[in-house]
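Here the structure comes first, spelled out in structure tokens, and everything after it is commentary.
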Amino acid sequence: MPHTKPMDTPPPGLEVYGPIQVSTSGGSGKWSDLPPAKLYTVSLIMKSGKILLGYKKRGFGKDMYNGFGGKVEPGESVEAAALRELQEEAGISANLVPCGTIIYFLEGYDHTFHIEVFKASDYEGEPIETDEMRPEWFDLPGSIEQNSPIPWDKMWADDRYWYPIMLSGRYFVGRTDCGETAEDGVKKYIMHRWWFGARDA
Ligand SMILES: Nc1nc2c([nH]c(=O)n2[C@H]2C[C@H](O)[C@@H](COP(=O)(O)OP(=O)(O)OP(=O)(O)O)O2)c(=O)[nH]1
């Protein structure tokens, strides 16, 4: 259940530089002890009032929409990984700009997901369906078209909390602790606790 007043202390595991405004927090219980982190990327293309998401066809996050991204390989920079994943999963390249950091803890996993999020307002190439992702455009909030709004129910549950910060142009930082269950073979992720804040940058 959301707290009525967001807690202004950032959760453990989150490095916060400079003044930060708490935007949203909720859930209950103790923050989990974090296992060592592995780096991941997520890249979002937003152009002409629309956002490009990919429907994940296999693997982790299957049957959910997300930006394009994945693991940072050993010796690779985070930016290079973000560009590589965008090319591999959507067939496009872009001038990616860092826009946020998510610390994602999932019960039962031996590592913490440290996710660097990037955005771009333009891209080169034509988005294509790949073995991993099927790209699809959705209307951003406030778009006059409102044909296919962002499919929150088919996305990672925390995304609905940090997208508004990202869409307001501010850099966000946050943490989500989740558990995983399966119903009829379909994985479901339950958020135990979350915290997201924004800083101007
Ligand atoms: N938007 C969003 N993305 C998340 C969350 N949690 C989480 O792991 N992700 C992203 C980070 C990565 O882009 C992706 C997981 O990476 P992946 O397992 O697909 O990595 P990969 O493509 O390198 O994997 P693979 O080729 O080895 O199968 O999911 C979240 O809460 N919100």
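Atoms within a ligand are numbered from 1 in the order they appear, just like the ligands themselves. Throughout, residue positions are numbered sequentially from 1 according to the sequence presented.
Salt-bridge formation is not detected for the pair K57/E132: no Lys NZ or Arg NE/NH1/NH2 atom is positioned less than 4.0 Å from an Asp or Glu carboxylate oxygen.
With no hydrogens or angles considered, a side-chain donor-acceptor pair links Y171 and T101 at under 3.5 Å. Y40 and E116 form no side-chain donor-acceptor contact under 3.5 Å, judged by distance and modelled atom types alone.
Contact residues of ligand 1 (protein heavy atom closer than 4.0 angstrom to a ligand atom; sorted by chain and number): Y40, T41, V42, K56, F60, N66, G69, G70, K71, E85, E89, Y104, F113, I115, E132, W156, D158, D159, W162.
Geometrically, K47 engages Y123 in a cation-pi contact, judged by NZ or CZ lying under 6.0 Å from the ring centre and within 45° of the ring axis.
For residues 74-104, every residue pair satisfying the ring pair (Phe, Tyr, Trp, His ring centres under 6.0 Å) rule, not counting sequence neighbours, is listed here: Y104-F113, Y104-W156.
For D33, the CG atom counts as loosely surrounded, since its 6.0 Å shell holds 12 or fewer non-hydrogen atoms of other residues, nucleotides or ligands.
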